[in-house]
2 protein chains.
Amino acid sequence: MREQKPAVEFDTVPLSKREQILAAAREEFLEYGYAATTMDAVAARAGVSKATIYAHFENKQTLFGAMITNRCEQSFDKLPVPRGDARSLRTELHALGLMMIRLIYAPEAIALYRVVIAESARQPELGEIFHVSGPARAMASLTAYFQKLKDKGLLAIPDARLTAEMFVGMLKGQDYMRRLLNMEEGGCRPEDLVEAAVETLLRAYALQAEEV
Amino acid sequence: MREQKPAVEFDTVPLSKREQILAAAREEFLEYGYAATTMDAVAARAGVSKATIYAHFENKQTLFGAMITNRCEQSFDKLPVPRGDARSLRTELHALGLMMIRLIYAPEAIALYRVVIAESARQPELGEIFHVSGPARAMASLTAYFQKLKDKGLLAIPDARLTAEMFVGMLKGQDYMRRLLNMEEGGCRPEDLVEAAVETLLRAYALQAEEV
DNA sequence: GTCTATAAGAGGATAGAC
DNA sequence: GTCTATCCTCTTATAGAC
């Protein structure tokens, strides 16, 4: 009798205990950091007992690692995949830049990055997990894009990978550091950096004059 | 009698207790992070008792903040101050770039940045202290440098500040992120990024052809 | 100011019933 | 698997002698 399903099935699938715990862990860890987060707090937020957490995860470190992995997989699903065939290269690069800073500057992405940096000093595999499932994928995609532009004869760049790194670096500027440091905004606006980065790349390497 | 000075004065000035404590705190905090560092460990490393630490610093947070402030002041004294009058702009930019990545990529600078990022989530004023005494000073100096190049008619940049941000961003690339995440090196080599960044800037904005 | 010894409490992890 | 109740270690901070 205890295993009986409810008479009425609802569309909203209830979260499994494991998912509840992971969600609670994410909120706690991202807000308070690893050390300042207590298993009691995670249990309370998840609505389960502490013992239940330990039935699903070996210990606090394991729970943290599971949360990071889970979060990275979800955050970077929606990668920007430019086609490289727009009529205006400038427009396409500009849209790509905006999409990337929106991904990179999302508050949750910043919080995740911050907590992974903090703990990677003690658990180096966390840095690897984060990088492989997030930034590395984005860089690979971006490198392929610039390679396509080069092959098409649109950009006279010497190395697609280097160009991708420089492009992302230019987009971040100082404002990214400021946000990691939990400061008020106050450097250059990210939108201005997108403008300037695209302008710089095109002036340096564009083969077809397409300035309007 | 207990206050008597030693009969022979040595050239090596002994560190005051306060300085001993700060040095020990730096080593512990940078290696183990804020939470994992214990006051016992700091006391042991400094060669004093815990009570002595509390005689000099109100509590653990205060000690951490004092260490950060102290460290920032020392780390960023040796700022690169380019003159903007070298015969070859390319050579000067290249040297500047190398100097900056040497500063930015110093292991202790990385460790300091990491621990400040981690704790700035709880103590926002730490981020401010770090930024003002370090990166902000470097950016101001770099902005002034690019402004000089612009005024001299060497670079046709629209905005010195934006250019400074992009230049630093290009220098960092992905490798900086990899180091913060405590990963093995493996992206683009920083030296290649310096080359590429200088090349890009010059191609985009140089007014006098000086390619050799 | 500096020490030894200790108070006081937090928090990770588990035992045992259901 | 899940809960309640508890153990036990580790760590911050202080009391009190010198």
Side-chain angles (χ1 to χ4, degrees), chain A residues 1-6 13-68 70 115 118-119 121-123 126, chain B residues 1-6 13-68 70 115 118-119 121-123 126:
Chain A
M1 279 301 188
R2 299 229 310 280
E3 300 292 328
Q4 185 183 17
K5 295 267 178 79
V13 180
L15 292 175
S16 71
K17 293 275 182 192
R18 186 188 164 87
E19 287 168 324
Q20 283 176 47
I21 295 169
L22 276 176
R26 185 190 79 232
E27 293 168 23
E28 292 289 325
F29 280 129
L30 290 192
E31 179 161 1
Y32 302 108
Y34 179 80
T37 292
T38 70
M39 297 298 264
D40 283 295
V42 175
R45 193 186 276 264
V48 302
S49 78
K50 232 188 330 182
T52 300
I53 297 182
Y54 281 98
H56 286 270
F57 302 93
E58 193 182 344
N59 53 34
K60 188 180 176 182
Q61 265 199 18
T62 308
L63 173 61
F64 184 73
M67 182 277 286
I68 297 293
N70 174 274
V115 77
E119 280 316 296
R122 259 79 55 198
Q123 308 182 55
L126 286 182
Chain B
M1 280 299 187
R2 298 230 311 283
E3 300 292 329
Q4 186 182 16
K5 294 262 177 84
V13 178
L15 292 174
S16 69
K17 294 274 182 191
R18 187 189 164 88
E19 285 165 328
Q20 283 178 48
I21 295 169
L22 276 176
R26 184 189 78 231
E27 293 167 22
E28 292 288 325
F29 280 129
L30 290 192
E31 179 161 3
Y32 302 108
Y34 179 79
T37 292
T38 69
M39 297 297 265
D40 282 295
V42 176
R45 193 185 276 264
V48 302
S49 78
K50 235 188 327 182
T52 301
I53 298 182
Y54 282 99
H56 286 271
F57 302 93
E58 193 181 346
N59 53 33
K60 189 179 175 181
Q61 264 200 19
T62 307
L63 173 60
F64 184 73
M67 181 277 285
I68 297 293
N70 174 275
V115 77
E119 281 314 297
R122 259 79 54 198
Q123 307 182 54
L126 287 183

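Side chains included, hydrogens not; waters and symmetry mates left out as well; all remaining heavy atoms used. Not measured: the values here are computed from a predicted model. Chain A is the first sequence line, chain B the second, and so forth, proteins listed ahead of strands; every chain is numbered from 1.
- Atom pair B:Tyr32:OH and D:dC10:C1' shows a separation of 16 Å (rounding to whole Å applied).
- Applying the 4.0 Å criterion to OP1 and OP2 of C:dC3, one finds that B:Ser49 has a side-chain N or O inside that range.
- Between A:Ala51 and B:His56, the residue whose closest nucleotide on DNA chain C is further toward the 5' end is B:His56.
- Minimum atom distance to the side chain of A:Val48 is reached by D:dC3, of the listed D:dC3, C:dT2, C:dG12.
- Note on B:Lys17: only backbone sugar-phosphate atoms sit closer than 4.0 angstrom, heavy atoms only; bases stay farther off.
- A sub-4.0 Å separation between OP1 or OP2 of D:dA13 and a side-chain N or O of B:Tyr54 is present.
- Nucleotide D:dG1 holds its P atom 13 Å from the CD atom of A:Glu19, rounded to whole Å.
- For C:dC3, the OP1/OP2 oxygens have a side-chain nitrogen or oxygen of B:Thr52 closer than 4.0 Å.
- Ring geometry for B:Phe64 against B:Phe29 counts as perpendicular: the plane angle is over 60°, on a 0 to 90° scale with 30° as the lower cut.
- For A:Thr52 (side chain) and A:Val48 (main-chain N/O), no donor-acceptor pair under 3.5 Å exists by modelled atom type.
- No donor-acceptor pair under 3.5 Å is formed between the side chain of A:Lys50 and the backbone N or O of A:Val42.
- Using a 4.0 Å heavy-atom criterion, one finds that B:Asp40 contacts the bases of the nucleic acid, with or without backbone contacts as well.
- Whole-Å rounding puts the A:Met39 CE to C:dG12 P distance at 7 Å.
- Rounded to whole Å, the distance from OH on B:Tyr34 to P on D:dT11 is 14 Å.
- B:Ile53 places its CD1 atom 14 Å from the C1' atom of C:dG1, with the value rounded to the nearest Å.
- Although no hydrogens or angles enter the test, the distance criterion places a donor-acceptor pair under 3.5 Å between the side chain of A:Glu19 and the main chain of A:Ser16.
- In this structure, NZ of A:Lys60 is placed 8 Å from C1' of C:dG12, rounded to the nearest angstrom.
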